[in-house]
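Computed from a prediction, not measured in an experiment: that's the story for all the values here.
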Amino acid sequence: ARAQQYAEAWERSVEAVKAIGGTCVEVDYSPFQEAANLLYQGPWVAERLSALTNWLNADAEVVDATVRAIAEHGQEWSAQQCFEAMYRLQQLRLEARQALHESQA
C-alpha cells in the first residue's frame with residue numbers, strides 16, 4: 001500500500017513540475033541507490049558503531065533502539081570490505097555525476 005502511495009505522490013509531483021513549465025528528464029538512479037545501500041546497509045555502519053561504542057558500553061539504553069540496532073550490524077564488516085566499499089563509492093560518485101551531466105544535455 002505504501003509503495004502505491006509513493007508512486008501516486010511521485011506522479012503528482014511530476015504533474016506539478018509540468019504545470020509550471022518544467023521539464024522532467026529521466027536519470028539513471030542506480031548509482032544513487034547503490035551508494036545509499038552502501039552507506040546505510042553496508043560497511044559504513046561499522047563507522048557508526050565506532051562512534052557509538054563508548055555510549056553502548058557505558059549504557060546502551062541511551063542510544064535510540066533503532067540507531068543501536070543498525071549500528072550493531074557494524075560488527076559484521078571486515079576492514080577489507082570497508083576499503084572495497086570506499087573504492088566502490090568513489091566509482092559510484094563518478095557514475096552519479098555522469099548521470100546528472102547526461103540529464104542536462
Side-chain angles (χ1 to χ4, degrees):
R2 187 162 306 251
Q4 180 64 30
Q5 291 172 334
Y6 289 149
E8 290 169 0
W10 174 257
E11 290 303 322
R12 285 192 306 272
S13 297
V14 168
E15 293 307 316
V17 167
K18 290 178 181 177
I20 61 171
T23 303
C24 296
V25 295
E26 289 192 29
V27 174
D28 178 9
Y29 188 73
S30 60
F32 299 94
Q33 184 63 57
E34 188 177 342
N37 291 344
L38 282 175
L39 294 172
Y40 297 106
Q41 299 166 358
W44 268 266
V45 296
E47 184 276 333
R48 290 177 185 90
L49 176 62
S50 177
L52 296 172
T53 295
N54 290 341
W55 285 324
L56 291 170
N57 289 339
D59 183 6
E61 296 303 313
V62 301
V63 178
D64 176 78
T66 301
V67 172
R68 185 173 59 244
I70 292 168
E72 288 173 346
H73 285 287
Q75 299 173 9
E76 301 169 4
W77 302 97
S78 70
Q80 178 181 348
Q81 289 171 310
C82 290
F83 280 101
E84 289 169 352
M86 285 188 336
Y87 302 143
R88 180 64 184 143
L89 189 60
Q90 290 173 353
Q91 180 62 39
L92 291 169
R93 184 177 292 121
L94 295 173
E95 291 176 22
R97 284 184 181 152
Q98 183 63 33
L100 291 176
H101 177 74
E102 289 173 2
S103 72
Q104 297 172 5

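Judged as a side chain to side chain donor-acceptor pair (under 3.5 Å), and not counting sequence neighbours, Glu72 has no contacts. Take Arg93 and apply the side-chain contact (heavy atoms from CB on, under 4.5 Å) test, not counting sequence neighbours, and it matches Leu89, Gln90, Arg97. Under the rule for a salt bridge (Lys or Arg N to Asp or Glu O under 4.0 Å), Glu47 has no partner lying at least two apart in sequence or in another chain. Among residues two or more places apart in sequence or in another chain, the side chain to side chain donor-acceptor pair (under 3.5 Å) test is passed with Gln81 by Ser78.
Rounding to the nearest 0.5 angstrom, the gap separating the CD atom in Glu26 from the OG atom in Ser103 is 11.0 Å. For the atom pair CG of Asn37 and OG of Ser30, the computed distance is 11.0 Å after rounding to the nearest 0.5 Å.
In this structure the side chain of Leu39 never reaches within 4.5 angstrom of the side chain of Val45, judged on heavy atoms.
Here the shortest heavy-atom pairing between Ala46 and Cys82 reads CB-SG, 4.4 Å. The two residues Val27 and Ala99 make their nearest non-hydrogen contact at CG1-CB, 3.9 Å.
Applying the side-chain hydrogen bond (donor to acceptor under 3.5 Å, both in side chains) test to pairs two or more places apart or on separate chains, none has a residue in residues 62-71. Within the structure, the ring pair (Phe, Tyr, Trp, His ring centres under 6.0 Å) test picks out no pair touching residues 60-91 (sequence neighbours left out). Pairs passing the ring pair (Phe, Tyr, Trp, His ring centres under 6.0 Å) check and including a residue from residues 24-50, sequence neighbours excluded, read Tyr29-Phe32. The salt bridge (charged side-chain N to carboxylate O under 4.0 Å, His left out) contacts involving residues 77-89 comprise Glu34-Arg88, Arg88-Glu95, where partners must be two or more places apart or lie in separate chains.
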Which side-chain N or O atoms in residues 50-59 pair as donor and acceptor under 3.5 Å with protein atoms at least two apart or in another chain?
unit_1, atom_1, unit_2, atom_2, d
Thr53, OG1, Leu49, O, 2.7
Asn57, ND2, Thr53, O, 3.4
Asp59, OD1, Glu61, N, 3.3

Result block: side-chain N/O donor-acceptor pairs under 3.5 angstrom for residues 3-15, not counting sequence neighbours:
unit_1, atom_1, unit_2, atom_2, d
Gln4, NE2, Glu8, OE2, 2.8
Ser13, OG, Ala9, O, 3.0

